[in-house]
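These numbers come from a predicted model, not from an experiment.
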Amino acid sequence: MIVKILLPSATFRGVSYNTTKIENDKGELMKVENFGALQALEHLKPKDYINYLEARSKTSARIKFPQFHAVISCKGKSHSKEQLTEIATAWLKGMGYENQPYLLVFHRDTDNNHIHIVSTRIDENGKKINDSYEKIRAYQVLNQVMGLDEKETVNKDLEKAMSYNFSTRPQFMMLLECQGYSLKLTGGQYQLFKYGKLQGNIDVSEVDAKISLYNQNIDRLAQLRAITEKYRISHSPVAVPLTTPLPGGNTAKPTGYTSELAEVLSSKFGLQILYHGKPGLPPYGYTVIDHSRTTVYKGGELMPIAEFIKPSSDLQQDNESPVENETVKQDNSDSNVITDQSAEDSNYTDITLTFESETVKLGDSDFYVAPDQSVGDFINNDITPTLQSETVKQDDTDSSIPPDKSSEVSGFTEEPTPTTWFPEINLDIADDIDDEAILGRNRQRKRKARTNTR
């Protein structure tokens, strides 16, 4: 459950905002309270409520922003409009607005049910309702209404986070940040803040001990990759900024990223995708939280970020134009290359070139380099080539390629290697300037000492 007190306003435009929602069938007026004789009238207009609130607010000339506008939201559809109305009523009582004139309007235009509260900060005596630390008190009162023990909740959240398998400290922090906590490392301890105050702490040594037990599940990663490849065809993997709608039709600054693929992975398989990036720029990385297996993975363990957010249209184009298998066999003038013989039983070296996954095989060693991979990914990841290889078998002792010609393999030209190596010497004399012309006038001439001969 979330509660948010919106920015103060000199006018009661919150009334107009909510009544517009009602007129557009996106909201419903749930409760009107403490408006005196106005409540006995029928067919009231928004201006009627505004006039009443303004009349109450004029009893104090010192308050420049009298409107009080708040929102209480639940996760998804977990609470009905009637339940949210009861919660909002009890919350107003705890915040000191029980006797104030207020409107409760339920909204159903987002994925999360929520209710708006509009009132005035000026009481009937012309005094301002106490607003000291109201954002902190807002959560304290809401937790009391919901029957939540903050300390007990923090302990449960910590216990749940430590039950996951993670390989780094930032991954542990992300597990708690997803639950609304902010963490600060101080004196060998992580301090946990929520609801605007310190809620608890945990020793870093405990976190490090949990990290030491991490074991990468290769089979699960392969399964997740197959799931991703299947659903990215029908659901766009392109990351888009995540924004929150604000009153008046405005939107807040982006708070993160999301995608159709990320949403379907979350709803169907319990995979939470956390993108990492700077506002206004594409994400540079991501983290996968596998809630069904209580494990956190680095995005690179699944696939590189460039591949993960690659548009589906580009993937289809890549599949429509596969690289054909091309094999070039070069014959020696005296004997042909033996194709049945293994490298161990012959003097031939296998050079395998797979241009889709860029696989290079030299002798007994295999190297796999994906087209868009960095050196770090090349070292840490196994990438299996999917296309047939292009093989050139070449004798190490008796080359069939004339020394004055180059060999071509699938459009790529390979220059012959000379038997004697010479260092490459690059001489650039474009800047070679006559020393005498430049330095001659600056040279010191040997002269006799000047003396007075008179």
Side-chain angles (χ1 to χ4, degrees), residues 1-23 26-60 62-74 79-109 112-146 246-248:
M1 192 73 69
I2 296 174
V3 58
K4 184 175 183 180
I5 299 177
L6 304 181
L7 295 176
S9 174
T11 63
F12 289 90
R13 58 185 179 182
V15 176
S16 301
Y17 169 74
N18 283 280
T19 54
T20 301
K21 290 285 186 179
I22 298 173
E23 294 172 358
K26 295 181 179 180
E28 181 179 349
L29 182 61
M30 300 301 299
K31 191 173 184 179
V32 178
E33 195 71 23
N34 301 325
F35 276 87
L38 197 63
Q39 294 182 223
L41 302 178
E42 297 181 357
H43 308 294
L44 293 175
K45 297 180 180 180
K47 189 62 177 176
D48 297 327
Y49 296 114
I50 293 176
N51 290 339
Y52 190 93
L53 293 172
E54 287 180 345
R56 167 66 71 87
S57 303
K58 287 181 180 179
T59 57
S60 175
R62 295 186 303 105
I63 308 303
K64 297 181 179 180
F65 304 101
Q67 176 182 265
F68 178 79
H69 191 180
V71 182
I72 296 179
S73 176
C74 66
H79 291 73
S80 65
K81 58 184 180 182
E82 292 82 9
Q83 291 174 322
L84 287 175
T85 300
E86 294 179 2
I87 293 172
T89 302
W91 180 80
L92 283 169
K93 180 179 180 180
M95 294 294 293
Y97 285 83
E98 179 183 13
N99 298 320
Q100 293 294 98
Y102 61 83
L103 302 173
L104 300 183
V105 182
F106 172 75
H107 287 201
R108 50 174 170 267
D109 56 344
N112 300 313
N113 286 347
H114 59 282
I115 192 167
H116 281 247
I117 304 165
V118 182
S119 182
T120 175
R121 295 179 178 273
I122 312 302
D123 64 14
E124 57 184 356
N125 298 319
K127 295 183 180 180
K128 185 179 180 180
I129 304 295
N130 182 24
D131 62 348
S132 299
Y133 306 101
E134 67 176 1
K135 292 185 177 180
I136 297 177
R137 289 193 298 114
Y139 269 107
Q140 292 177 345
V141 173
L142 181 61
N143 289 336
Q144 293 174 2
V145 172
M146 301 300 298
L246 296 176

Might you point out which heavy atoms bring [X] and [Y] nearest each other, and give the distance in Å?
X: A10; Y: F65; result: N-CD2, 3.6 Å
X: R137; Y: N130; result: NH2-O, 3.0 Å
X: Q83; Y: S80; result: OE1-N, 2.9 Å
X: I50; Y: S16; result: CD1-OG, 3.6 Å
X: G126; Y: S60; result: O-CB, 3.3 Å

Inter-residue atom distance [X].[atom1] - [Y].[atom2], 0.5 Å rounding:
X: S119; Y: F12; atom1: OG; atom2: CZ; answer: 7.5 Å
X: H116; Y: S73; atom1: NE2; atom2: OG; answer: 8.5 Å
X: R13; Y: H69; atom1: CZ; atom2: NE2; answer: 10.0 Å

Exceeds 12 heavy-atom contacts within 6.0 angstrom, atom NZ of K31: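 For K31, atom NZ is crowded (more than 12 foreign heavy atoms under 6.0 Å).
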
Side-chain heavy atoms of [X] within contact of [Y], under 4.5 Å:
X: I87; Y: L142; result: yes
X: F68; Y: E134; result: yes
X: Q67; Y: L7; result: no
X: L84; Y: M30; result: no
X: I117; Y: L104; result: yes
X: I2; Y: Y139; result: yes
X: N18; Y: H107; result: yes
X: H79; Y: M1; result: yes

Short side-chain to backbone donor-acceptor contact, N143 and Q140, under 3.5 Å: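 A pair under 3.5 Å: no.
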
Given 3.5 Å as the limit, does a donor-acceptor pair link the side chain of N125 with the main chain of K127, or not? no

Going by atom type alone, with no hydrogens or angles, which donor-acceptor pairs under 3.5 Å involve a side-chain atom of residues 35-44 and a protein atom two or more places apart or on another chain?
unit_1 : atom_1 : unit_2 : atom_2 : d
Q39    : OE1    : N34    : N      : 2.8
Q39    : OE1    : F35    : N      : 2.7
Q39    : NE2    : V32    : O      : 3.3

Check the pair K128 / R62 against side-chain contact (heavy atoms from CB on, under 4.5 Å), numbers first and verdict last. CA-CA 9 Å; K128 185 179 180 180; R62 295 186 303 105; 5.7 Å; no

Acceptor/donor pairs from residues 91-103 side chains to any protein atom, 3.5 angstrom cut, sequence neighbours excluded:
unit_1 : atom_1 : unit_2 : atom_2 : d
W91    : NE1    : A138   : O      : 3.0
Q100   : OE1    : R56    : NH1    : 3.4
Q100   : NE2    : T120   : O      : 2.8
Q100   : NE2    : I122   : O      : 2.8

